[in-house]
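The structure under discussion appears below in the form of structure tokens.
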Amino acid sequence: MLVRAGAAGLLTNDITRLVAGDGPPAAAVPRALYAHALNVQGRCLYDLILYRLHESPGEEPHILLECDGGVLDAIQKHLKLYKIRRKVNIAPCLDLSLWAVVPGEPAGDIAASIAKCGDQAVVLTPDPRTEVMGWRLITKKGANLSEIIPGSHIGNIQDYHTHRYKQGIPEGVKDLPPGVALPLESNLTYMNGISFTKGCYVGQELTARTHHVGVIRKRLLPVRFASPLPGDNVPEGAEILTESGKSAGKFRAGGGEFGIALLRLANINEALYLNIAGHKVKLTASKPEWWPKNAGK
């Protein structure tokens, strides 16, 4: 979805950084930022990646928004609700394709390969959330990926989900249920998705207070199951229990042996079980290596 001009007061991150103005030179302005839109209670509505399309300070700002395709209409309505009289144009970009370029070899080698062919991409940038997610590539529909990234292997969407589940990266409304998920429990700070200096935005009060108090008892974590999950038969929010039967958290989403769950940090080193209609599936949780060294303490 393409947005001309900005909606800084709706998002957790400082999207004015995408506009090269009186601040840093254009070369230092990021190509992409990660952010959430929150409701007034400070809970997540939508997770977004924003891409800068304009190149110079003199150009009209054009920001491309990546979102869960299932909420495209809802996000447009949300943005237009707060547009009021601002000169902001919002339109879906149905002629574009999004690709995740996940490293399967040393990252430096892939980066060099992509850099040689980057002029064929509409957007080509490191994933702003974390290095382990590689790069985001946006092309015109029908583009030949083998020309843009020679030697690449095109996987399927489940390969992508498995990769991010292994890394504990939430994405979309299944992982981040609208009106339920909290941004700091969802590791928004670790994924470079929030600014605590930008000023006011919808849902800021609870988020800022939680950050400054510094107490976050639950977080989204990658989990691995002792046996593959039974297809799509796991209900959203299924309870995760300790061996003694105490609630340790809730399952969010997953597939096969991997998934993502909201867990109490005090319980993650214990034996845990996913409760599916009275049947227990054993699982293990872990803190991702890409987290800050002092994370989760």
Side-chain angles (χ1 to χ4, degrees), residues 1-68 71 74-90 123 125-130 136 170-171 176 178-216 219-220 292 295:
M1 181 165 53
L2 182 65
V3 177
R4 293 180 174 87
L10 298 181
L11 301 176
T12 55
N13 216 335
D14 184 4
I15 65 173
T16 62
R17 294 172 55 207
L18 295 175
V19 181
D22 297 329
V29 176
R31 177 64 70 181
L33 288 177
Y34 179 59
H36 284 193
L38 309 180
N39 63 16
V40 293
Q41 289 81 30
R43 294 182 181 270
C44 302
L45 290 176
Y46 315 110
D47 59 313
L48 305 165
I49 298 181
L50 301 94
Y51 303 93
R52 172 175 57 86
L53 298 185
H54 56 281
E55 297 293 343
S56 67
E59 293 182 46
E60 180 184 12
H62 285 64
I63 308 297
L64 188 67
L65 271 63
E66 174 194 332
C67 65
D68 185 322
V71 293
I75 289 179
Q76 290 183 81
K77 290 178 182 178
H78 183 70
L79 293 174
K80 290 175 181 178
L81 178 66
Y82 288 92
K83 187 176 83 167
I84 311 177
R85 295 184 180 180
R86 296 185 183 93
K87 293 182 178 180
V88 179
N89 297 321
I90 303 167
V123 173
T125 184
D127 191 307
R129 297 171 292 185
T130 169
R136 305 304 268 188
E171 188 176 291
L176 301 163
V180 175
L182 288 166
L184 300 189
E185 289 184 349
S186 304
N187 304 320
L188 191 60
T189 306
Y190 297 167
M191 294 189 291
N192 308 305
I194 190 166
S195 169
F196 293 104
T197 60
K198 63 165 283 186
C200 295
Y201 57 87
V202 176
Q204 178 199 25
E205 184 177 354
L206 175 63
T207 306
R209 184 167 66 245
T210 303
H211 170 71
H212 291 300
V213 170
V215 179
I216 301 172
R219 286 189 180 273
L220 284 180

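Predicted model, so just to flag it, every value in this text is computed and none were measured.
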Anything under 3.5 Å between a donor and an acceptor, one on a side chain of residues 35-42, the other on a protein residue two or more places apart or in another chain? List them.
{"unit_1": "His36", "atom_1": "NE2", "unit_2": "Tyr34", "atom_2": "OH", "d": "2.8"}
{"unit_1": "Asn39", "atom_1": "OD1", "unit_2": "Gln41", "atom_2": "N", "d": "3.0"}
{"unit_1": "Asn39", "atom_1": "OD1", "unit_2": "Gly42", "atom_2": "N", "d": "3.1"}
{"unit_1": "Asn39", "atom_1": "OD1", "unit_2": "Arg43", "atom_2": "N", "d": "2.9"}
{"unit_1": "Asn39", "atom_1": "ND2", "unit_2": "Gln41", "atom_2": "OE1", "d": "3.4"}

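Under a 3.5 Å cut-off, the side chain of His54 and the backbone N or O of His62 do form a donor-acceptor pair. At distances below 3.5 Å, not a single donor-acceptor pair connects side-chain atoms of Asp14 with backbone N or O atoms of Lys198. With hydrogens and angles ignored, the 3.5 Å screen pairs a side-chain donor or acceptor of Arg52 with a backbone N or O of Pro30.
Looking at Leu11 and Leu50, their side chains come closer than 4.5 Å, going by heavy atoms from C-beta outward. Between Leu206 and Leu182, some side-chain heavy-atom pair lies under the 4.5 Å cut-off. Here the side chains of Leu79 and Leu65 are in contact, with some heavy-atom distance below 4.5 Å. Using a 4.5 Å heavy-atom cutoff, the side chains of Arg136 and Val123 are not in contact. Side chains of Ile15 and Ile63 form no contact here, defined as non-hydrogen atoms less than 4.5 Å apart.
Here Tyr46 pairs with His78 under the ring-ring contact (aromatic ring centres under 6.0 Å, His included) rule; sequence neighbours left out.
The two residues Leu48 and Cys67 come nearest to each other via the heavy atoms CD2-CB, 3.6 Å. In terms of heavy atoms, Pro128 sits closest to Ala32 at CB-O, 3.7 Å. The shortest heavy-atom contact between Gly193 and Thr12 is O-OG1, 2.6 Å. The two residues Ser186 and Leu176 make their nearest non-hydrogen contact at OG-CD2, 3.4 Å.
Distance CG/Leu33 to CG/Asn192: 9.0 Å, rounded to 0.5 Å. Rounding to the nearest 0.5 angstrom, the gap separating the CG atom in Leu184 from the CZ atom in Arg219 is 7.0 Å. For the atom pair CD (Gln76) and CG (Leu81), the distance works out to 13.5 Å, reported to the nearest 0.5 Å. Rounding to the nearest 0.5 Å gives a distance of 9.5 Å between CD1 of Ile49 and CE of Met191. The structure places CZ of Phe196 at 4.0 Å from OG1 of Thr189, a figure rounded to the nearest 0.5 Å.
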(message) For Leu188 and Thr207: C-alpha separation, side-chain torsions, deciding distance, then whether side chain to side chain contact (heavy atoms under 4.5 Å, CB included) applies.
(response) CA-CA 10 Å; Leu188 191 60; Thr207 306; over 6 Å; no
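Evaluation of the salt bridge (Lys or Arg N to Asp or Glu O under 4.0 Å) test over residues 29-42, restricted to residues two or more places apart or in two chains, returns Arg31-Glu55.
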